[in-house]
Amino acid sequence: MTEVIHNSTVDTLLNRTSIRRFKPDMPTEAEINTLELVAQHAASSQYLNDWSAIRVVDTVLQQKIAEICHQPYVASAPLLYIFVLDEYRNAQIAKRNGVDVYSDEFTLRNSYRFSQAQNDAVLALHAMETAGESMGIGSVILGSIHNDMDEMIKLLHLPEYTYPVLGLALGYPDQSPAIKPRMPREVQFFEDG
Ligand SMILES: Cc1cc2nc3c(=O)[nH]c(=O)nc-3n(C[C@H](O)[C@H](O)[C@H](O)COP(=O)(O)O)c2cc1C
């Protein structure tokens with residue numbers, strides 16, 4: 001096997017597994033602050049920062065989200081964020097500056113803008129996930145919030161030009177799952193030509 005460079009970032013990424021059982025303790029304020037700051041520092045297409053994240057603090061709401069996910073453990077995660085594609089904020093700023101949000105100048109008509117905003121949200125979530133892992137905070141990504149998108153939008157009171165992209169449940173791990181194997185490199189990485 002070819003040589004692998006080991007440093008704390010690489011090892012954090014190589015040792016990561018999804019965590020679905022959490023200790024009840026809430027991560028510290030400094031840890032939460034760090035997670036949120038790191039997410040904000042992810043790259044952002046055209047520097048538009050068109051994502052938001054909602055930290056779920058209402059336990060009743062968290063229970064409802066767990067039901068949408070069909071995954072009871074989601075209700076017991078100490079921290080739960082829903083990352084949202086958010087063109088609403090930029091649309092408000094544009095409107096305040098007299099820009100027609102349906103013009104070519106703004107890009108709401110353009111699916112490119114929405115796909116890039118979704119990428120931004122995913123990158124921010126991934127930065128948070130990795131930072132968490134490096135601090136001993138485990139997590140699992142929740143695509144299952146999409147089981148009922150309409151209900152998620154309603155529960156989170158999301159405005160126009162927004163939708164939930166992914167959830168991220170975090171907390172101190174109460175399990176040590178084995179690292180799942182990956183495919184042989186040659187069936188996933190190719191060279192052109
Ligand atoms: C976009 C995305 C959505 C996911 N949604 C869920 C989910 O709804 N529930 C869940 O338990 N795990 C979810 N996962 C976690 C995957 O199941 C997990 O990453 C995969 O099985 C590989 O395991 P590992 O993360 O431990 O390496 C999701 C992962 C990604 C990237």
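Source: prediction; values computed, not measured. For the numbers below, each heavy atom of this structure counts, side chains included, while hydrogens, waters and symmetry mates do not. Both ligands and their constituent atoms are indexed starting at 1 by order of listing.
Using a 4.0 Å heavy-atom criterion, the residues that approach ligand 1 are R16, T17, S18, R20, Q71, Y73, V140, I141, L142, G143, S144, L166, K180, R182.
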Indicate every side-chain donor-acceptor pair of residues 17-24 with a distance under 3.5 Å to a residue at least two apart or in another chain.
unit_1 : atom_1 : unit_2 : atom_2 : d
R21    : NE     : D174   : O      : 3.2
R21    : NH2    : D174   : O      : 3.1

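Taking the side chain as every heavy atom from C-beta outward, S45 and R113 approach each other to under 4.5 Å.
Contacts of F83 classified as ring-ring contact (aromatic ring centres under 6.0 Å, His included), with partners at least two apart in sequence or in another chain: W51.
Salt-bridge check for K64 with E67: failed, with every basic side-chain N at 4.0 Å or more from each acidic carboxylate O.
Through chains of ILVMFWY side-chain contacts below 4.5 Å, V187 is grouped with M183.
Side chain to side chain, E31 and Y172 meet the donor-acceptor criterion of an N or O pair below 3.5 Å.
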